[in-house]
Amino acid sequence: MDRRSFLTDLSRYAVLFSVAPDRWRLPLRTPWADDPFTLGVASGDPLSDRCVIWTRLAPAPFEAMGGMSGNRTTIGWEVAHDEAFGRIVRSGRTIAAPELGYSVHIDVEGLDPDRWYFYRFTTGDGASPIGRLRTTPAPGADTPLDFAVCSCQNYEQGLFTAYEHLVGESLDLVTHLGDYIYEYAGADGRVRKHRGFEIVTLDDYRARYAQYKMDPALKAAHAHCPWVVTWDDHEVDNNYAGLVGENTFESVEQMRRRREAAYQAWWENQPVRVPRPEAWADLTIRRTTGWGSLATFHTLDTRQYRSDQACGDGSDPVPCGAWDDPSRTLLGHEQEQWLLNGLQSDSARWQVLAQQIMMAPYDRAVGDEVVTSMDQWSGYPHARDHLLRGIADRAPGRTIVLTGDIHSNWVNDLQAGYDRPDRPVIGTEFVGTSISSGGDGQEMGGGVEQAMSDNPHLHWQNSRRGYVRCRVEPEVWTTDYRTVDQVSRPGAAIKTASSWRVERERPGVERTG
């Protein structure tokens, strides 16, 4: 029996663990036997006058409907200047509906720019943990920004230790670049274990998000500050491309149904300002987030619109197959044009691409042969170079690309195309490692040191776990790579593995530590 034929009967399982917040009971009516806020709270997609706040009711996350009755439930929300909620500035009530997994998204409007607030939810005699949200500076302001970049948190392969350290940082924002969950079946002998078989249905995906969101470190990181979230492949299926899944025997219609379930569950479980579509399989998540006049984040989707990977989707010698076919796309025409128009019209001092896969090429072969990944931008060379030429024409010297996906840290020069080695440097790519995917890791990945001479645009690489911390100022961008030496056991300390500096309108990156 193939693995796609298994369906997980979630009602057979008991709750894996429960971490109840300190302040969830209030002397109100309708008592709850269990905490309805087991999945915590989150804020996201901030603007200068508003921010999304999120929660999802699930008193028994692995039972049918999360332990809810199946009826619609009234939920209250409050936003205040102070943690004691003595000065409430906005409040209201809404409905948590079973057809949306009892998730709640409130776009809180009428807030002041450039300030912190506290928020919480209530229902019956239950109150959620308290979270913090922050509005962005007003248009025209050049207030500095401190933020972190995260991605790739495989629950089975390691503890979320990096988040324990992240909540000690003074951050305005977190950007998560995808692989928030992994779809794989539970496997023995890992640090932790996924519940059930590989996930394919809406209930499967909802339960998998619940398992991840019950992690105390992840809950604390969400409560710490607003997040801007995008997805990568494992929110659906490893290395999927459009409606082509990892396994070729899965039909387009089967993949569309799976993508529909996965996209809906993603929307239900993230604090995003993304309109609900007519069909969940077509959910559009590209969007911009501005930080005054300092920076604009262009959040991209590199999975939904791409052509299928060439040459069997591995790391292959090139040229091969349809690898260099100029008609192949990664962003899709509409999204690419949206991005290029945004870079052309936006006057912010820094243009930031928050996306998933490494943009700079990496030739892993030593010598004349070129071997590259078909899943990264290198597998779509015409699309990559067309985009880089667009950046060179519209925003050279002020573009930073943030990347996740490959479970390691990289610092790369971005050139105006890689078809010739003399193309000028037009930006910098900071690739962030995983939170836990890949296990403990090592200081430098296998073979990278030997291959660096064939990749002159590559400045540094590291394969430990952690996150990237960035400080953005009007003329200078600084980046610190924060790493832990293990995620297989708790208690790992954090260090700054390297530090980097980019000066606006002076393309290139300098190591400072």
Side-chain angles (χ1 to χ4, degrees), residues 142-152 161-177 221 224-225 291 294-295 297 349-355 358-360 362 397-414 425-435 438 440-445 448-449 452 455-487 492-513:
D142 59 3
T143 308
L145 166 65
D146 294 284
F147 74 100
V149 183
C150 307
S151 66
C152 303
T161 307
Y163 285 134
E164 297 175 8
H165 296 287
L166 183 146
V167 298
E169 307 269 16
S170 179
L171 299 174
D172 300 303
L173 192 69
V174 167
T175 60
H176 195 289
L177 301 178
H224 185 58
C225 65
W291 193 266
L294 182 73
F297 289 76
R349 303 187 72 79
W350 296 95
Q351 300 296 309
V352 186
L353 275 58
Q355 57 98 55
M358 193 152 82
M359 190 169 290
Y362 174 61
R398 62 188 183 109
T399 296
I400 301 290
V401 174
L402 304 175
T403 299
D405 180 59
I406 56 173
H407 312 165
S408 49
N409 294 308
W410 305 68
V411 177
N412 299 316
D413 286 331
L414 292 176
V425 174
I426 50 110
T428 300
E429 180 178 30
F430 293 116
V431 182
T433 187
S434 64
I435 292 293
D440 291 337
Q442 55 191 324
E443 291 304 309
M444 180 173 280
V448 175
E449 187 172 8
M452 288 188 76
N455 296 273
H457 51 275
L458 167 60
H459 291 277
W460 181 76
Q461 194 267 356
N462 171 280
S463 295
R464 292 293 187 189
R465 307 297 147 238
Y467 54 90
V468 181
R469 182 180 65 194
C470 301
R471 179 168 177 81
V472 189
E473 299 174 279
E475 301 301 327
V476 176
W477 179 299
T478 56
T479 291
D480 297 321
Y481 282 88
R482 305 279 280 162
T483 62
V484 295
D485 62 3
Q486 62 180 20
V487 292
I494 197 160
K495 69 177 183 180
T496 298
S498 71
S499 298
W500 302 83
R501 172 187 172 96
V502 179
E503 294 186 20
R504 184 177 177 273
E505 295 188 344
R506 292 186 60 186
V509 61
E510 172 190 3
R511 183 165 183 172
T512 60

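- How far CD1 of Ile435 is from CG of Leu166: 7.0 Å, rounded to the nearest 0.5 Å.
- When Val472, Thr478, Val509 are each tested for a side-chain contact (heavy atoms from CB on, under 4.5 Å) with Val502, only one passes: Val509.
- To the nearest 0.5 Å, the span separating NE2 on His459 from CD on Glu429 amounts to 11.5 Å.
- Rounding to the nearest 0.5 angstrom, the gap separating the OG1 atom in Thr428 from the CG atom in Leu414 is 6.5 Å.
- With sequence neighbours excluded, the residues forming a side-chain hydrogen bond (donor to acceptor under 3.5 Å, both in side chains) with Glu443 are Asn462, Arg464, listed by chain and number.
- For Leu171 against His224, the heavy-atom pair with the smallest separation is N-NE2, 4.4 Å.
- Across all their heavy atoms, Gly466 and Ala162 have their closest contact at CA-CB, 3.9 Å.
- Separation of atoms OG1 (Thr433) and CZ (Arg465) is listed at 4.5 Å; rounding is to 0.5 Å.
- Of all non-hydrogen atoms in Tyr163 and His176, the two that sit nearest each other are OH-CD2, 3.4 Å.
- Donor-acceptor pairing under 3.5 Å is recorded for the side chains of Gln461 and Ser463.
- Rounding to the nearest 0.5 angstrom, the gap separating the CG atom in Asp440 from the CD atom in Gln486 is 5.5 Å.
- Checked against side-chain hydrogen bond (donor to acceptor under 3.5 Å, both in side chains), Trp477 has the following partners two or more places apart in sequence or in another chain: Thr479.
- For Met452, the side-chain contact (heavy atoms from CB on, under 4.5 Å) partners at least two apart in sequence or on another chain are Met444, Val448, Leu458.
- Ring planes of Trp460 and Tyr481: tilted class, angle from 30 to 60°.
- Listed by chain and number, the residues in a salt bridge (Lys or Arg N to Asp or Glu O under 4.0 Å) with Asp142 amount to none (sequence neighbours excluded).
- Not a single donor-acceptor pair under 3.5 Å links the side chain of Asp413 to the backbone N or O of Gly508.
- For Trp410 and Tyr362, the ring centers are positioned less than 6.0 Å apart.
- Thr143 OG1 to Glu473 CD: the interatomic distance, rounded to the nearest 0.5 Å, is 11.5 Å.
- Nearest heavy-atom pair, Pro144 versus Arg471, reported as atom, atom and distance to 0.1 Å: CB-NH2, 3.4 Å.
- The minimum heavy-atom distance between Cys470 and Val149, with the atom names listed, is SG-CG2, 4.4 Å.
- Arg506 meets the salt bridge (Lys or Arg N to Asp or Glu O under 4.0 Å) test with Glu503; sequence neighbours excluded.
- Asp480 pairs by the salt bridge (Lys or Arg N to Asp or Glu O under 4.0 Å) definition with Arg469, not counting sequence neighbours.
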